[in-house]
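Accompanying notes for the structure given below.
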Amino acid sequence: KHKWQHATKLVDQDKFQLNNIPYAATFKFEIWKQGYNYTVRTLYNGKVLLTNACNQVEKCPIDVVYNHLASRIYTD
């Protein structure tokens with residue numbers, strides 16, 4: 001229960017059925033360097049995960065991904 005609660009906060013897509021993430025589901029964040037800029041491609045169980053935060057594009061600027069995650073992960 002603990003793992004899926006955090007994972008559902010990371011993304012905002014219904015098509016991946018993230019309300020009921022199966023045990024051992026995998027999120028992978030690939031960091032790509034393009035010139036002097038970095039982008040992130042997010043995979044969920046091996047499939048590209050497109051989010052509204054990244055305007056439904058496959059590779060998202062790293063600062064957008066960071067801000068999106070920071071707004072959903074709470075730390076003390």
Side-chain angles (χ1 to χ4, degrees):
K1 185 174 181 180
H2 177 74
K3 290 181 182 179
W4 71 261
Q5 288 175 340
H6 291 291
T8 56
K9 293 178 183 178
L10 298 179
V11 295
D12 53 358
Q13 280 297 335
D14 293 331
K15 71 178 183 177
F16 284 92
Q17 299 175 0
L18 296 175
N19 291 330
N20 191 17
I21 294 176
Y23 177 76
T26 303
F27 283 92
K28 181 189 255 185
F29 298 93
E30 298 177 345
I31 299 175
W32 294 70
K33 184 175 181 182
Q34 296 177 307
Y36 293 104
N37 300 311
Y38 290 90
T39 57
V40 177
R41 186 170 83 146
T42 305
L43 303 173
Y44 169 63
N45 287 340
K47 297 180 182 177
V48 173
L49 180 63
L50 304 175
T51 65
N52 293 331
C54 293
N55 297 318
Q56 302 294 312
V57 296
E58 186 172 323
K59 292 182 183 174
C60 189
I62 198 165
D63 59 324
V64 173
V65 174
Y66 177 81
N67 291 332
H68 181 70
L69 293 176
S71 72
R72 286 162 172 72
I73 298 174
Y74 304 100
T75 60
D76 292 332

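Numbering of residues begins at 1 and proceeds along the displayed sequence. These numbers were taken from a predicted model, which means no experiment stands behind them.
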When you group the ILVMFWY residues by side-chain heavy-atom contacts below 4.5 Å and let the links chain together, are Leu69 and Tyr38 in the same group?
yes
Taking only residues two or more places apart in sequence or in another chain, which ones pass side chain to side chain donor-acceptor pair (under 3.5 Å) with Glu30?
Trp32, Arg41
So Asn52 and Gln56, do their side chains get closer than 4.5 Å, heavy atoms only?
yes
Ignoring hydrogens and angles, tell me if any N or O in the side chain of Asn45 forms a donor-acceptor pair with the backbone of Ala25 under 3.5 Å.
no
Is there a path of hydrophobic side-chain contacts, each under 4.5 Å between heavy atoms, that joins Tyr66 and Phe27?
no
Test of understanding: clusters of I, L, V, M, F, W, Y form through side-chain heavy atoms closer than 4.5 Å, transitively. Do Ile62 and Phe29 belong to the same one?
yes
Below 4.5 Å, heavy atoms only, C-beta onward: do Val40 and Lys59 meet side chain to side chain?
no
Disulfide (SG to SG under 2.5 Å) pairs touching residues 22-55, sequence neighbours excluded, are Cys54-Cys60
Could you tell me the separation between the NE2 atom of His68 and the OG1 atom of Thr42, rounded to the nearest 0.5 Å?
8.5 Å
In terms of hydrophobic clusters joined by side-chain contacts under 4.5 Å, are Leu43 and Leu50 together?
yes
Same cluster or not: are Val65 and Ile31 linked, directly or through other Ile, Leu, Val, Met, Phe, Trp or Tyr residues, by side-chain heavy atoms under 4.5 angstrom apart?
yes
